[in-house]
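Protein chains get the first letters and strands the later ones, always in sequence-line order, with residue 1 at the start of each. Since we're looking at a predicted model, the values are computed, not measured.
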Protein chains: 2
Amino acid sequence: MNNKAEKRREQILRAAFQAVSEKGFHSVTLQDIADYADVSKGVTSYYFQNKEDVFRHLLEWVTEKIYKNEHAAISKEHTAPDKLRAYVHAAFANPSDNRKFYRVYLEFLAQANHNEQFRDTNDRFYENCWSIGREIIQLGQKEGTFANVDIDKASYTIRALIDGSLIQWLMQNNDQLHTFYRDNCLETLSNYLTNKNNQNSN
Amino acid sequence: MNNKAEKRREQILRAAFQAVSEKGFHSVTLQDIADYADVSKGVTSYYFQNKEDVFRHLLEWVTEKIYKNEHAAISKEHTAPDKLRAYVHAAFANPSDNRKFYRVYLEFLAQANHNEQFRDTNDRFYENCWSIGREIIQLGQKEGTFANVDIDKASYTIRALIDGSLIQWLMQNNDQLHTFYRDNCLETLSNYLTNKNNQNSN
DNA sequence: AATATAATTTTGACCGGTCAGAATAAAATA
DNA sequence: TATTTTATTCTGACCGGTCAAAATTATATT
């Protein structure tokens, strides 16, 4: 049945994810994916058109999962500062998961420059991230807890700082720094959004 | 003489840079590098141990050039706010150069997770970036124009926001947004460093 | 200066190895 | 039995690295 096929596909995507995180995007072979999924080589070709098709779905799957996780996190909170904290904490997750995720994500970002499909998928991911940012900021401004910053600009800034911090953290092989970067990120964003001097000058 | 050999090596590095920016890290072959450098395939092997050696030197060459450029830019200015502006403007450079550079740099970052040499080189680059940040912040605090933020934290934040902004910009194929992201980045950093509420709580 | 010799640099064909994709067959399942 | 899944093998393309020979440049000799 369809459900079972869907299970297989996810099994393969998980395997591909693991393979990419350990071996790196380009050194992953169809055989690797099959090995990690504990199936034979032909299965991947049966469920996906080719290797690129696997990766395309993998990027979609991963970014979708991240977005849903982050969105769920902020939905549990009710004030803007709480949502902001929840967002940053969700984005940073825990060191080992996040290291794995960002390794893979970074490879896709690098590839996106030469692959329009990846770029499109990432655009949708960005849109989702920005929408989270906007939601938080709008609430904060309605509450009166946040300054009257330009909402779009600020939503870009939020994601830029999160990604920039995580990449910087990723490049140091030191999980200790995870909470440091997370808290610094949150603190900076809190001050940025709260500071009444940051008024929208438009 | 030695000088001529050095010329050749740089010629090859430039070719490799061009090749990576156009074709992507992993699809670049020794033949590609030779083609871009307008020499035969064997030359690269004559001047470098192997392909990886070329890439290692390429990353060093590129990051060194970037750092020197940024450092030169802030050295021309005398006040902290001016240095900050100069730094951000240097980091953003111009759209086409920066797109090329960040494409290549992003590929190296992705690779760094599986390549210790790349990671080491990037660590040195980060150190240089942070030192620029620290220099600016220290001056600003001495001048009294900047708030008493934690200098290390702030230097990480500065680079994180620059990198995060540039990557986000890179993923949109729109050079128009270049000044938008640059100015937003600078504005955010200015406010962050100037805001007297951002006091170091240690 | 002209020629011969040596050193350096460049070339491109070649080899061993790898991989994606295709083809095929065998086994399992319903 | 028909369909799905797994296992195995083949093939053609491609790449990194090698290296002998060619070309060029530098040096020595007369």
Side-chain angles (χ1 to χ4, degrees), chain A residues 1-59 104 107-108 110-111 114-118, chain B residues 1-61 104 107-108 110-111 114-118:
Chain A
M1 50 179 61
N2 206 335
N3 202 357
K4 195 184 164 195
E6 215 39 55
K7 272 269 169 75
R8 264 269 182 278
R9 290 168 67 91
E10 184 170 327
Q11 179 187 9
I12 291 165
L13 291 182
R14 279 182 195 281
F17 177 74
Q18 192 67 21
V20 171
S21 90
E22 287 182 19
K23 305 198 160 202
F25 194 95
H26 270 92
S27 53
V28 170
T29 68
L30 286 178
Q31 190 62 61
D32 287 330
I33 297 176
D35 290 347
Y36 276 93
D38 233 357
V39 294
S40 75
K41 189 183 165 191
V43 174
T44 302
S45 299
Y46 183 79
Y47 287 100
F48 294 92
Q49 285 175 30
N50 50 36
K51 200 162 76 155
E52 171 151 351
D53 193 40
V54 176
F55 287 143
R56 204 173 61 236
H57 282 90
L58 173 57
L59 179 58
V104 174
E107 304 234 26
F108 275 105
Q111 290 313 304
H114 310 280
N115 184 320
E116 197 174 336
Q117 307 232 35
F118 290 177
Chain B
M1 46 181 59
N2 207 334
N3 202 358
K4 193 187 163 193
E6 214 41 52
K7 272 270 168 74
R8 264 272 181 274
R9 289 167 66 91
E10 184 170 328
Q11 178 188 9
I12 290 164
L13 291 182
R14 280 182 194 280
F17 177 74
Q18 192 68 20
V20 171
S21 90
E22 288 183 18
K23 304 198 161 203
F25 194 94
H26 270 93
S27 54
V28 170
T29 66
L30 287 178
Q31 189 62 59
D32 287 330
I33 297 175
D35 290 347
Y36 277 92
D38 234 356
V39 294
S40 78
K41 192 183 164 193
V43 173
T44 303
S45 298
Y46 185 79
Y47 288 99
F48 294 90
Q49 284 176 31
N50 49 35
K51 199 165 76 155
E52 171 150 350
D53 192 41
V54 176
F55 287 143
R56 206 172 59 236
H57 282 90
L58 174 57
L59 178 58
E60 264 166 29
W61 182 68
V104 173
E107 304 237 22
F108 275 105
Q111 290 313 305
H114 311 280
N115 185 320
E116 199 174 334
Q117 307 231 35
F118 290 177

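- To the nearest 0.5 Å, atom CD of residue Q117(B) and atom CD of residue E60(B) are 8.5 Å apart.
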Quick one: what's the B/S/- string for nucleotides 1-17 of chain D, heavy-atom cutoff under 4.0 Å, read 5' to 3'? ---SSSB-------SBB
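- Proximity of the aromatic rings of F25(A) and F55(A) is defined here by a centroid distance below 6.0 angstrom, and this criterion is met.
- If you take CD of E6(B) and C1' of dT9(C), they are 16 Å apart, rounded to a whole angstrom.
- Computed from coordinates, the F48(A) CZ to dG21(C) P distance equals 13 Å when rounded to whole Å.
- Under a 4.0 Å N-O distance rule, the pair E10(A)/R14(A) qualifies as a salt bridge.
- In terms of modelled atom types and a separation under 3.5 Å, the side chain of D32(A) and the main chain of T29(A) share a donor-acceptor contact.
- Screening residues 32-52 of chain A for ring pair (Phe, Tyr, Trp, His ring centres under 6.0 Å), with sequence neighbours left out, gives F48(A)-H57(A).
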